[in-house]
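Throughout, protein chains are lettered first and strands after them, A, B, ... in sequence-line order, and every chain is numbered starting at 1.
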Amino acid sequence: MSVLLDVVSWVALVAGGLLMVTSALGMVRLPDLFTRLHAGSLADTGGVGLILLGLVLQTEPGLNTLKLLLIGFVLFLTTPAASHAVGHAALLGGLSPDPEDTDDSQSAGS
Amino acid sequence: MGRMISLAVVLLGVWFILSGSTDPFLLASGVVSVLLVVIIAHRMGMIDEEGFPIQLLGGLILYLPWLVCQIALANLAVARTILAPVMRIDAGSAWVPASQKTPIGLVVFANSITLTPGTVSLSVLEDRIHVHALSRKGLEDLRQGDMDRRVCAVEGRR
Amino acid sequence: MFMAVTALLVAAMAMTLVRVVRGPTPYDRILAVNVHGTMTVLLIAVTGYLTDRPDFLDLSIAYALLNFVGTLAALKYFRFGHLGDEP
């Protein structure tokens, strides 16, 4: 049983780490701000969820499990609000969310 | 009154998680601080259905498994888009109707949209939300209104 | 094995720094710093397990809260040029 838990938690940890790298790759590769927001939310949900799941399975049930869940709760409440704030500020700042008339896609790719 | 008591219970729980000690002095100071916080928050008029929306708890517990499934599926889709050798992006934005009645329900809906990778809420009005999506398909799914209905159900379960 | 996760996280954080440096708009930089901060929260937690010191989880919680406030403060300062009272 504990071997199974170990395997599951290592898989979750490594998958979470790879998802983080994917998200960072998206931050570099995607062409404009609004598409990069989606790469950010990949790290905020999948990466955080999988790594925390892996850590929870590595801990003996107790206070540290609750602390990990508290970290997850705080992140799940705050990260979408932060993403929304960045997107809203960019919209107010004059960036256009539709790809036809963005002019920063060229400068981003250089 | 019930809302104040549940706030006190939640705060005591957080105090215990963070301190992790059963020393009587620490527990007593925890109780004193929690009471102070609850009294001050009550005097500021912050303990209402927006300041501490405990009434959504039952609905949220039923809603969360569905949301987690959606997030997992969306994670795979966005990861596939990013990792594809040639990125094919048909991003776009549109207004999505939101039929929630209370501000807190609207917040839950907008947060769910942003939490799902591939869709981000850009601005929130009383009856609609401006959504940017990585693929037009995600936008269409959202406009079908499945998530909207489920968040309304969360709101209605009091 | 925690070493592998730490390495992956550090690699991801290095890549978000590329976006912080390249811009092109301030919003890109703020977004990249925000994602960098989310990864830092997890890096602190994993480091706690790596060195067998679970106290690091408390630091992790504090960093999660600070990261959110910091992002909003940076956005607000960038938009209005001050953080509250008019200078």
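Annotation: maximal heavy-atom pairing with chain C below 4.5 Å, among L77(A), V14(A), T79(A), L68(A), occurs at L68(A). Counting heavy-atom pairs closer than 4.5 Å to chain C, the top residue among G40(A), S83(A), A89(A) is A89(A). The choice from F2(C), F78(C), Y63(C) that makes the most heavy-atom pairs within less than 4.5 Å of chain A is F2(C). Ranking D58(C), T16(C), L72(C), T71(C) against chain A, the residue ahead of the rest is D58(C), based on heavy-atom pairs under 4.5 Å. When N64(A), V74(A), L63(A), T22(A) are compared by the number of non-hydrogen pairs under 4.5 Å with chain C, N64(A) comes out ahead. Among the candidates V35(C), N67(C), L65(C), L57(C), the residue making the largest number of heavy-atom pairs closer than 4.5 Å to chain A is L57(C). Contact count versus chain C (heavy atoms, under 4.5 Å) is highest, among I51(A), L55(A), L18(A), L52(A), for L55(A).
Heavy atoms closer than 4.5 Å to chain A are found nowhere in A4(C), neither backbone nor side chain. In this structure, no portion of S41(A) lies under 4.5 Å from any heavy atom of chain C. Heavy atoms of L92(A) lying under 4.5 Å from chain C belong to its backbone as well as its side chain. In this structure, the portion of L70(A) lying under 4.5 Å from any heavy atom of chain C is its side chain and not its backbone. Using a 4.5 Å cut-off between heavy atoms, A39(A) makes no contact with chain C at all.
Taking 4.5 Å as the limit, every side-chain heavy atom of K67(A) sits out of range of all side-chain heavy atoms of P54(C). Residues L31(C) and R19(C) form no side-chain contact, since every pair of their non-hydrogen atoms from C-beta on lies 4.5 Å or further apart.
Closest non-hydrogen pair, A12(C) versus A24(A), comes out as O-CB, 3.2 Å.
A donor and an acceptor atom, one from each side chain of D28(C) and T25(C), are located under 3.5 Å apart.
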